[in-house]
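Position 1 is the first residue of the sequence; numbering continues from there. None of the values given here were measured: they were computed from a predicted structure. FYI, side chains are in, hydrogens and waters are out, and symmetry mates aren't considered; it's all heavy atoms of this structure.
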Amino acid sequence: MSAVVEPPAAGAQSFCAWCGGARAEGDHAGCERRLATVDPPRHCPVCARRMVVQVDPVGWTARCSRHGESAGTNGFA
């Protein structure tokens with residue numbers, strides 16, 4: 001079983017889980033709204049790689065080839 005994707009360490013660059021852009025650059029308010037309501041993350045927040053995402057009726061799983069797997073139910077309550 002894969003490990004859960006952990007947030008980046010303090011001081012490390014983090015990336016938007018929806019668009020893959022650097023969190024420090026640009027406005028990601030729209031991305032945050034999408035992630036909080038209906039969409040699963042598409043990019044790894046640690047390395048910005050595109051993740052393999054599986055959506056089912058009760059939630060989602062997203063897997064980064066380097067940082068493991070995360071799961072959630074955002075928008076599927």
Side-chain angles (χ1 to χ4, degrees):
M1 175 152 214
S2 299
V4 174
V5 175
E6 296 294 330
Q13 183 173 12
S14 64
F15 298 93
C16 176
W18 173 250
C19 71
R23 299 288 301 163
E25 300 172 8
D27 180 22
H28 295 281
C31 300
E32 292 299 325
R33 279 193 302 274
R34 291 186 79 151
L35 290 169
T37 56
V38 295
D39 290 322
R42 301 294 178 175
H43 293 86
C44 177
V46 178
C47 66
R49 290 182 189 280
R50 190 97 165 133
M51 295 194 294
V52 175
V53 178
Q54 172 119 23
V55 177
D56 62 40
V58 296
W60 55 264
T61 58
R63 183 175 32 88
C64 173
S65 62
R66 292 201 177 176
H67 297 103
E69 188 173 284
S70 60
T73 59
N74 290 354
F76 299 96

Check for a donor-acceptor pair, side chain of H43 on one end and backbone N or O of R49 on the other, with a separation under 3.5 Å. no
For H28 and A22 the tightest heavy-atom approach is NE2-O, 3.0 Å
Looking at every heavy atom in both C16 and R23, which two are closest together, and how far apart are they? N-CD, 3.4 Å
Distance, nearest 0.5 Å, that separates OG of S65 from CE of M51: 10.5 Å
Which atom names give the shortest non-hydrogen contact between W18 and R42, and what distance separates them? CZ3-CG, 3.4 Å
For the atom pair SG (C44) and CZ (R66), what is the distance rounded to the nearest 0.5 Å? 10.0 Å
With a 4.5 Å heavy-atom cut-off, do P41 and V53 have their side chains touching? no
Can you tell me if CD on E32 sees more than 12 non-hydrogen neighbours from other groups inside 6.0 Å? yes
